[in-house]
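Within every chain, numbering begins at 1; the chains are lettered A, B, ... in the order of the sequence lines, protein sequences first and strands thereafter.
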There are 2 protein chains.
Amino acid sequence: MRTTPPGPDTRGDARPESGTRGRTRRAILDAAAEVLARNRRATLADIAQAAEVGRSTLHRYFPDRDELVSAAVEDSLAHMAQALEEAAIDQGPALDAMRRLATALVGAGDRLVFVFGDPHIFEQLPDEEDDPTDRQVLALIERGQAEGAFDPEADPVWIRGVLWALVYTGAEMAARGTMPRHVAAANTVRTLERGICAAGGGGTAQ
Amino acid sequence: MRTTPPGPDTRGDARPESGTRGRTRRAILDAAAEVLARNRRATLADIAQAAEVGRSTLHRYFPDRDELVSAAVEDSLAHMAQALEEAAIDQGPALDAMRRLATALVGAGDRLVFVFGDPHIFEQLPDEEDDPTDRQVLALIERGQAEGAFDPEADPVWIRGVLWALVYTGAEMAARGTMPRHVAAANTVRTLERGICAAGGGGTAQ
DNA sequence: TCTTAGTGGGACATTAGTGTCCCAAAAAGC
DNA sequence: GCTTTTTGGGACACTAATGTCCCACTAAGA
């Protein structure tokens, strides 16, 4: 007599990820971010197909759509958090830190587009204030302003918005194949630093 | 005996928009852009409700979802085209033209978010190359580079991407109430001109 | 090799969204 | 005022998407 039904073993947290299961879960989450980034109305069947997984397998891992989306969001945020971790943005000059950050985030590609491309998802993120990733970014911005590296007159919240928007643009262009990733990253950094104007007479700011 | 069924009169193009019908159509298109900008999975019922219109009325104007979306996209593009027209971006110094353009577009708000926020919609726009709006924007960028106002080393396509991204950010913040519209527009222009760095030591490009 | 975990796919039931039709009532236009 | 247009809502059929279950098959691991 079998006591446990087939399918992924969810009881307890003892085994975090057993080989096969881990890989399947990965594949599904990756596919979800990729597919949903491009089409918010994609069906579960679309996602399963992209993950090269049966639709029933997908349901085995994520009982319903909401759970899948939540998990994919969480996973994507984790990816970004790790990219941010590796960029060590609390170290060195703020300008350099920002460069590392932008480069790292452009590399996060689809996941960025997925999470921030959909206002609906975006709005119901675990309170912005509480998100450690966001805190770190804001901290960097404020540090940069204090150091005199970033525009002191601009609202930090605005700068954060700009940062995400430009990184998003870079990630999107890279994902779309408009330009190779490293070029996109370089452009992002360059634009962050000087806008789109020529070196000399650019900022005739009021 | 009545020969014409109730509902909007679509025969011929004689009468472009009879008062009531025009207003209803407007309301639906506005609501569609607004609602879809915030939630791509919104249902027709959601849109009808936002437009303060019965679901059957909505169907009367737009037989199916695809037609509604197409019409809403077209309408939004028309709005932007008009904003662009009013900005007269082919006149005066490129820098000034860009300021006018950015300001005008931030004002387009939801419509911008609607059209450019969804890669799925965005990708199936009438060939980018053929879109006159886009041509004008690219022309402005190239003119700006020729005039020495815009960064001559940056790819015009990249600059266009940046322009849309920052305008989008401004529009979103205004729509979300984070800051009043005119502040958002000012921030957009300022960032376009000088990035996020302080005036003096900013662009230590590479 | 043998056992077990994990999978794919088919066959459903259920639901949510879509699209159609009709009719009484409200609004617009005269 | 009266006529015509337009509307909202209900009832409906239809479809796509979701979620559940089962079973045979395969890959992984002892």
Rounded to whole Å, the CZ-P distance (B:Phe62 to C:dT20) equals 15 Å

Rounded to whole Å, CZ of B:Arg60 lies from P of C:dC23 at a distance of 13 Å

- Query: Are the side chain of B:Gln145 and the backbone N or O of B:Asp151 linked by a donor-acceptor pair below 3.5 Å?
  - Reply: yes

DNA chain C nearest-nucleotide lookup for A:Ser56 and B:Asp64: closer to the 5′ end is A:Ser56

> Across the strands shown, which category fits B:Gln49 at heavy-atom distances under 4.0 angstrom: base, sugar-phosphate, nothing?
Replying inline: nothing

From the candidates C:dG19, D:dA28, D:dT18, the one with an atom nearest any side-chain atom of A:His59 is D:dT18

From CZ of A:Arg65 across to C1' of C:dT15 the rounded distance in Å is 15 Å

Respond yes when some side-chain nitrogen or oxygen of A:Thr57 is under 4.0 Å from OP1 or OP2 of C:dG8, and no when none is. yes

Does the side chain of B:Tyr61 get closer than 4.0 angstrom to OP1 or OP2 of D:dT6 through an N or O atom?
-> no

Of C:dG6, D:dT6, C:dG19, the nucleotide closest to the side chain of A:Thr24 is C:dG6

A:Leu58 atom CG is separated from C:dG9 atom C1', nearest whole Å, by 14 Å

inquiry  = Does B:Thr43 reach a base, just sugar-phosphate, or nothing at all? Heavy atoms under 4.0 Å.
reply    = sugar-phosphate

Here the distance between atom P of C:dG29 and atom CZ of B:Arg21, to the nearest Å, is 10 Å

Whole-Å distance, B:Ile47 CD1 to C:dT18 C1', equals 12 Å

note: B:Glu52, atom CD; D:dT7, atom P; distance rounded to Å ~ 14 Å

Is the backbone of B:Ala94 close enough, under 3.5 Å, to the side chain of B:Glu147 for a donor and an acceptor to pair up by distance?
-> yes

**Message:** I'd like to know if the side chain of A:Trp158 pairs up with that of B:Thr169 as donor and acceptor (distance under 3.5 Å, no hydrogens or angles considered).
**Reply:** no

Here the distance between atom C1' of C:dT7 and atom CZ of A:Arg25, to the nearest Å, is 17 Å

*Using a cut-off of 4.0 Å on non-hydrogen atoms, how would the nucleic acid contact of B:Arg55 be classed: base, sugar-phosphate, or nothing?*
base

_Any salt bridge linking B:Glu193 with B:Arg99? Criterion: basic side-chain nitrogen under 4.0 Å from a carboxylate oxygen._
yes

Here the pair of heavy atoms bringing A:Leu112 nearest to A:Leu105 is CD2-O, 4.2 Å

Closest to the side chain of B:Arg41, out of D:dT6, D:dC21, D:dT18, is D:dT18

